[in-house]
Amino acid sequence: MPIADWPRRNGDADAERQIEEEVSKRLAGMSLDAKVGQMIQSEITHLSPRDAREHCIGSVLNGGGSWPNGKRGSVADWLRLADAYHAASLDSASGVPILWGTDAVHGHNNVFGATIFPHNIGLGAADDASLVEAIARATAREVAATGIDWTFAPTLAVVRDDRWGRTYESYSEDPRIVRAYAERMVKGLQGPAGGRGFLAAGKVLATAKHFIGDGGTAGVDQGDAVCPEAALRDIHGAGHLSALAAGAQVVMAAFNSWNGDKVHGHRYLLTQVLKERLGFTGFVISDWNGCQQLAEARGESWAKAVSAGVDMLMVEHEWPEALADLQASVRAGEVAEARIDDAVRRILRVKARAGLFAKGPPSSRGFAGGPLAPVEHRRLARQAVRESLVLLKNDAGLLPLRRDLNVLVAGAHADDIGRQCGGWSLTWQGDGNGNDDFPNAQSVLGGIQAAVAGRGNVRFAPDGAFDDPPDVAIVVFGEDPYAEGEGDIAHLSYSAAYAEPLATLRSLKARGVPVVSVFVTGRPLWVNPELNASDAFVVAWLPGSEGGGVADVLFRDAAGRIIDFRGKLAFSWPRDPWQTSVNRGDEPYEPLFPYGFGLRYADGATASRRLCETPSRPAVDAPSRPRSQGSGS
Ligand code: GLC
């Protein structure tokens with residue numbers, strides 16, 4: 001398809017003349033070594049402030065599970081390190097202030113005490129763009145509180161096969177939702193492009209990621225998106241076009257390939273489409289060690305990525321090699337110095353737009369020091385949980401529940417804030433976390449206990465055991481946390497991987513206890529057996545730190561009033577474990593629950609129906625896939 005079929009955009013209105021003059025002046029005064037240093041981003045564990053000063057390094061990041069002073073480090077710890085890098089960079093030969101980027105992808109999720117919002121799949125179910133912009137604003141303030149300038153968000157994947165371990169990082173299988181949210185997320189994070197508040201205090205740089213095609217790889221992390229260019233543009237590019245129009249200053253290249261060619265080395269996509277046709281004037285950053293996948297010979301890989309259009313190299317620890325190799329490639333004429341100048345110009349331009357040359361140390365800037373999880377952010381997160389819940393079944397109108405009941409709460413996810421947050425929560429995989437790692441949070445159980453307090457009674461038995469029969473059982477179960485390729489699966493059968501919850505549900509059902517299932521999951525899964533063993537079934541996705549939002553909807557309030565469900569499926573729900581990529585618009589389109597499905601209390605009770613519990617073919621796991629080279633330490 002000729003490039004002319006991509007929408008043309010005018011260049012960024014922001015590229016004002018004075019910024020360009022300042023950038024040109026700085027660029028003219030930089031040595032080749034300093035320029036190449038500016039193109040390197042490395043990890044805080046492997047690059048010290050001293051290294052940053054000596055080599056004029058342009059950026060640092062903290063990978064998932066990497067902190068300045070341990071998992072429970074304070075805001076002061078983050079600010080102290082940010083100040084150290086800032087001072088070191090000003091003291092470098094180039095004097096260019098450093099940028100710190102982080103994965104604040106559902107709140108400032110790496111930081112102890114931060115608000116953890118529902119992961120994107122739940123926000124997609126809420127279908128509430130204003131909510132998403134408010135979440136972005138709140139996230140930006142908490143990121144700014146720690147002295148960090150930039151988040152690697154939003155993820156704009158339009159996921160078409162739910163086996164992918166990053167399905168929960170996607171808002172929807174529908175480009176419409178992703179397009180709408182992309183604009184609002186970028187505006188919430190950065191402020192209105194060209195407006196007075198653009199990148200002002202309490203705002204951070206946004207990243208449109210991962211450009212392009214990450215959701216189209218048949219469920220294989222870092223796989224191959226095999227599709228026509230029109231689909232790449234109209235499905236997988238929908239969010240990116242919207243994010244760029246909203247002024248996103250950074251684009252992260254995708255690990256995946258497109259029709260067999262790695263995007264990190266794809267000059268047509270990264271330069272001709274993104275920069276020349278779409279008029280993107282910010283900079284392109286690689287993904288985590290993404291450049292090194294381009295060639296056996298490491299030295300060749302940087303040159304290939306930079307020549308294709310990557311401007312900044314995200315390098316976990318091989319920054320000395322990247323520096324030396326790229327400097328040598330330029331001196332050997334393998335990479336044009338004009339390309340280096342363009343890359344550094346873009347980086348300096350974004351730093352100038354972000355006011356970095358004028359701002360003082362991170363700890364002196366607006367919102368530095370906090371607070372994290374102020375009450376208004378926690379309220380917003382709880383609202384997001386409520387709006388994201390999807391009701392799939394409500395036989396005999398079991399829900400909503402009165403608060404004066406005897407409630408049995410069961411399931412491994414009921415009192416586990418780490419599990420309800422999912423991946424990218426304090427640690428990369430979201431594992432190894434206890435409730436006391438989340439001081440400003442409430443578990444689903446905690447919310448139920450608070451709802452029933454003073455009127456009814458709550459007993460918690462993870463395995464569902466009881467002596468005296470309860471009026472109702474609420475079983476909170478689901479997936480254990482994962483991130484990236486670690487979460488790739490071969491099919492969608494939940495019970496093939498997790499057998500215990502079904503046993504609990506069936507045991508309760510057999511003893512005549514009405515059962516409400518609350519399913520904590522990063523994606524639609526085949527749960528026909530679990531649905532059959534439940535009277536009511538609620539999908540909570542990955543709700544984050546405010547688990548109390550679940551009880552807000554399950555129970556009437558003290559005056560008997562209800563908060564009705566609002567959530568609707570932003571992903572089609574499979575009728576079979578092997579129906580892994582059923583999407584709105586398919587012909588034929590035969591999901592169990594279609595895109596947009598979601599019951600309301602106002603819809604009344606559902607009639608009991610028994611779903612088929614036999615997969616079309618045995619749901620046995622394929623050999624696990626090779627670990628992704630994700631950011632985790
Ligand atoms: C990861 C992810 C990317 C993230 C980056 C830095 O591997 O692909 O989304 O922003 O590395 O953590």
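All ligand and atom numbering here is 1-based and tracks the order in the structure.
- Residue contacts with ligand 1: Trp288 is placed with no nitrogen or oxygen under 3.5 Å of a nitrogen or oxygen of the ligand (distance criterion only).
- Looking at Trp428 against ligand 1, nothing comes within 4.0 Å, counting heavy atoms.
- Heavy-atom contacts of Met252 reach the following atoms of ligand 1: 3 (C), 10 (O) (cutoff under 4.0 Å).
- Numbered from 1 in the order shown, with element, the atoms of ligand 1 that lie under 4.0 Å from a heavy atom of Lys209 read 3 (C), 4 (C), 9 (O), 10 (O).
- Note on ligand 1: Met314 sits in its first shell, one or more heavy atoms being nearer than 4.0 Å.
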>> Between Trp150 and Thr207, does the side chain to side chain contact (heavy atoms under 4.5 Å, CB included) criterion hold? Intermediate values first, please.
In response: CA-CA 8 Å; Trp150 171 21; Thr207 307; 2.7 Å; yes
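- Within ligand 1, the atoms closer than 4.0 Å to a non-hydrogen atom of His210 are 3 (C), 8 (O), 9 (O), numbered from 1 in the order shown.
- Between Trp258 and Tyr268, the ring planes are parallel. Angles under 30° get that label, and only those over 60° would be called perpendicular.
- Residue contacts with ligand 1, taken as heavy atom pairs separated by less than 4.0 Å, involve Arg166 solely via side-chain atoms from C-beta onward.
- Heavy-atom neighbours of Arg419 CZ from other residues, nucleotides or ligands within 6.0 Å: above the threshold of 12.
- Of all atoms in ligand 1, numbered sequentially from 1 with element shown, those under 4.0 Å from a heavy atom of Phe152 are 10 (O).
- Closest heavy-atom approach to atom 2 (C) of ligand 1 among the candidates Asp214, Thr151, Thr102, Asp287: Asp287.
- For an aromatic pair to be called close, the ring centres must be under 6.0 Å apart, and Phe571 with Trp164 fails this.
- Between Trp100 and Trp78, the ring-plane angle classifies as tilted under the 30° and 60° cut-offs.
- Here the CD-CH2 distance, from Gln292 to Trp302, works out to 3.5 Å after rounding to the nearest 0.5 Å.
- By the 30° and 60° cut-offs, the orientation of the rings of His240 relative to Phe211 is perpendicular.
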